[in-house]
Amino acid sequence: MPTGYTRRPMADEKAITRKSEDFDRWYTDVVRRAELADYAPVRGCMVIRPYGYALWERIQRALDDMIKRTGHENMYFPLLIPESFLQKEAEHVEGFAPEVAWVTHGGQRELEERLAIRPTSETIICSMFAEWIHSYRDLPVLINQWANIVRWEKRTRLFLRTTEFLWQEGHTFHETRAEAEEEVDRMLDCYRELAEEWLCLPVIPGRKTDAEKFAGAEYTLAIEAMMSDGWALQAGTSHFLGQNFTRAYGISFTDRDNAQQHPYQTSWGLSTRIIGGVIMGHGDDAGLVLPPRVAPVQAVVVPVVRSGDPEGTAAVDETCRRIESAAGEVRLRVDRRDGIRPGEKYAHWELRGVPLRITVGARDLATGRVTVTRRVDGESWTEPADGVAARLPELLEEAHRRTRARADRTLGERSVEARTLDDLRRAFAERPVFANVPFCERRACEETITGAAHALTIRVLRRDRSGEPGRCIACGEPASEVAVVARAY
RNA sequence: CGGGGCGUGGCGCAGCUGGUAGCGCGCUUGCUUUGGGAGCAAGAGGUCCCCGGUUCGAAUCCGGGCGCCCCGACCA
């Protein structure tokens with residue numbers, strides 16, 4: 001157990017740290033108290049608990065459907081990668097070298113060649129497809145795998161950066177540059193759709209600067225989400241690899257003109273980190289706030305009964321049963337735990353972010369009604385007891401809209417335009433924001449910008465900019481891009 | 001990898017001018033409660049991170065390990 005983790009004594013021992021008091025501690029409190037995950041015995045590793053894993057499975061399903069719909073097939077490559085494979089693409093090795101974990105022994109015997117535990121799978125995938133791709137008729141190759149990844153991180157945080165994490169990595173090979181570039185865009189848009197339509201997280205799509213791109217890529221696209229403290233989270237990346245790897249790994253095909261060519265390649269990934277984004281994007285002082293479409297439990301029914309009131313109790317039981325059986329596709333749970341008072345049940349499910357709560361008690365039932373409470377904004381009202389189950393899909397949609405609207409508002413309120421470095425400094429002196437700044441793409445200017453205030457980074461070069469960017473905030477030369485400057489997780 | 005902090009029942013901590021371990025929460029059982037984290041009663045649970053040293057005696061003092069957390073440079 002983490003021993004330096006000390007909770008300040010507070011009025012209510014059972015409450016989590018307030019978000020405004022200490023955001024980082026609030027985050028850890030939520031993850032652990034909502035039973036999403038816990039620290040494992042090995043440094044930087046975590047156990048994803050059933051509730052957290054159920055959330056991941058929901059996200060997985062939504063994304064997997066999109067991946068299949070766009071024509072990809074799942075397959076699986078091995079965890080262990082020979083060192084020599086990793087070394088074929090120079091920039092790639094260099095980029096990943098500091099964080100690769102190595103297997104050096106099999107049983108008692110030392111291996112002749114060290115094996116890397118995959119930090120990503122481009123190398124092994126290329127080495128296999130070098131054997132399978134011969135003709136333009138073999139292209140495009142559109143594959144994906146769901147896998148675990150190990151990267152030896154110096155500093156870890158539950159979900160956001162763990163030594164081992166889960167993700168999907170898509171890998172594709174194409175005849176032409178244009179086709180591959182379309183693929184990079186298409187998959188980034190899937191990530192955008194996942195974030196916005198499923199997770200209620202508005203994101204800014206764009207291109208990474210050369211300093212921030214994937215090791216070995218020609219360019220990297222990413223979606224950046226804003227957490228409720230104004231910090232940025234890279235939530236998904238899509239890389240155009242050009243022919244960098246296919247050349248290095250000797251993948252070639254005979255094209256339509258009977259000439260030998262190297263295919264153009266892409267890769268794209270989204271990891272369990274996104275769960276951290278959901279937590280930090282929507283959570284509040286009571287705990288998690290889950291987007292309804294991925295919430296493992298979408299509605300919870302809390303019965304409230306009084307002892308010495310057998311008729312009332314029977315009516316409550318009966319109503320709970322009816323709601324339960326009429327819930328249909330809605331993921332609904334009745335909290336029948338005995339000996340726990342309603343107040344504690346409320347707190348329990350609020351901490352876990354369940355979007356809707358239905359309180360079934362004798363008081364409301366006297367008029368044939370139940371009370372519904374919406375997690376995201378705490379609003380509460382009554383519904384007819386015998387109609388509430390049928391209304392749930394609609395109520396969940398409303399909860400979805402409100403969750404999304406609130407996140408949109410945060411992003412809007414915390415986005416600023418900066419024309420000068422002084423603007424930039426002033427903005428960040430107040431609070432963390434997304435600052436849109438004109439940028440000329442020169443490395444020196446990037447350093448000037450990120451050095452303007454503490455811990456600034458260029459998140460993405462916006463792809464949705466309109467009009468001419470103006471003059472570079474750092475050097476005053478004509479700018480080619482609008483950069484989003486923010487502090488990032 | 002640099003700086004700091006901390007290792008004591010499941011969790012959070014106290015005990016650290018050496019004398020054989022305590023509090024809160026949680027857990028178990030029973031009764032009473034139940035519309036915002038319940039009350040009473042009884043109970044279970046500890047190689048005080050590890051190794052060595054000092055001492056009649058070490059959770060406490062000394063040395064050495066290991067681990068974890070937090071803050072900075074690198075990263076999905």
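Chain letters run A, B, ... following the sequence lines, proteins first, then strands; residues in each count from 1.
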Under 3.5 Å for both donor-acceptor distances, Watson-Crick or wobble: does B:rG30 have a partner, and if so which one? B:rC40

For B:rA76, what is the paired nucleotide under Watson-Crick or G-U wobble rules, both distances under 3.5 Å? none

Considering residues at least two apart in sequence or located in another chain, which fulfil the side-chain contact (heavy atoms from CB on, under 4.5 Å) criterion with A:A427? A:V416, A:V433

Taking only residues two or more places apart in sequence or in another chain, which ones pass side-chain contact (heavy atoms from CB on, under 4.5 Å) with A:A486? A:A232, A:F434, A:R459

Holding to salt bridge (Lys or Arg N to Asp or Glu O under 4.0 Å), I want the full list of residues that pass it with A:E324, two or more places apart in sequence or in another chain. A:R336

List, with names and distances, any nitrogen or oxygen atoms from the protein found under 3.5 Å away from nitrogen or oxygen atoms belonging to nucleotides 26-28 of chain B.
| residue | atom | partner | partner atom | Å |
| --- | --- | --- | --- | --- |
| B:rG26 | OP1 | A:K14 | NZ | 3.2 |

How would you list, by chain and number, every residue that makes a side-chain contact (heavy atoms from CB on, under 4.5 Å) with A:T156, sequence neighbours excluded? A:E153, A:T163

Quick one: salt bridge (Lys or Arg N to Asp or Glu O under 4.0 Å) partners of A:D189, sequence neighbours excluded? A:R192

Nucleotide N/O to protein N/O under 3.5 Å, stretch nucleotides 42-44 of chain B:
none

For A:R357, answer base if it contacts any base atom (sugar-phosphate contacts may also be present), sugar-phosphate if it contacts only those atoms, and nothing otherwise; contact means non-hydrogen atoms under 4.0 Å. base

What's A:E350 touching, base or sugar-phosphate or nothing? Going by heavy atoms closer than 4.0 Å. base

Do you know the tightest heavy-atom contact between A:V354 and A:V300? CG1-N, 3.8 Å

The salt bridge (Lys or Arg N to Asp or Glu O under 4.0 Å) partners of A:D309 (sequence neighbours excluded) come to none

Could you go through nucleotides 33-35 of chain B and list every protein N or O atom that sits under 3.5 Å from one of its N or O atoms, giving the distance for each pair?
| residue | atom | partner | partner atom | Å |
| --- | --- | --- | --- | --- |
| B:rU33 | OP2 | A:S307 | OG | 3.1 |
| B:rU33 | O2' | A:R341 | NH2 | 3.3 |
| B:rU34 | O2' | A:V305 | O | 3.1 |
| B:rG35 | O2' | A:R363 | NH1 | 3.4 |
| B:rG35 | O6 | A:G361 | O | 2.9 |
| B:rG35 | O6 | A:A362 | N | 3.2 |
| B:rG35 | O6 | A:R363 | N | 2.7 |
| B:rG35 | O6 | A:D364 | N | 3.1 |
| B:rG35 | N1 | A:D364 | OD2 | 2.9 |
| B:rG35 | N2 | A:D364 | OD2 | 3.1 |
| B:rG35 | N2 | A:T371 | OG1 | 3.3 |

Non-neighbouring partners of A:S271 that pass side-chain contact (heavy atoms from CB on, under 4.5 Å), sequence neighbours left out: A:F165, A:W167, A:R273

Nucleotide nearest A:D24 (side chain, heavy atoms from C-beta), chosen from B:rG36, B:rC71, B:rA38: B:rC71

What residues 200-222 of chain A contributes to the RNA chain B interface at heavy-atom separation below 4.0 Å is none

Partner of B:rC11 by Watson-Crick or G-U wobble geometry, both contacts under 3.5 Å, or none? B:rG24

Integer-rounded Å distance: B:rC70 P and A:F23 CZ: 15 Å

Residues pairing under side-chain hydrogen bond (donor to acceptor under 3.5 Å, both in side chains) where one sits in residues 213-223 of chain A, two or more places apart or in two chains, turn out to be A:R177-A:E218, A:E181-A:Y219, A:T220-A:H239

Please give, in whole Å, the distance from B:rA73 P to A:E99 CD? 17 Å

So A:T162, base contact, sugar-phosphate only, or nothing? Heavy-atom distance under 4.0 Å. base

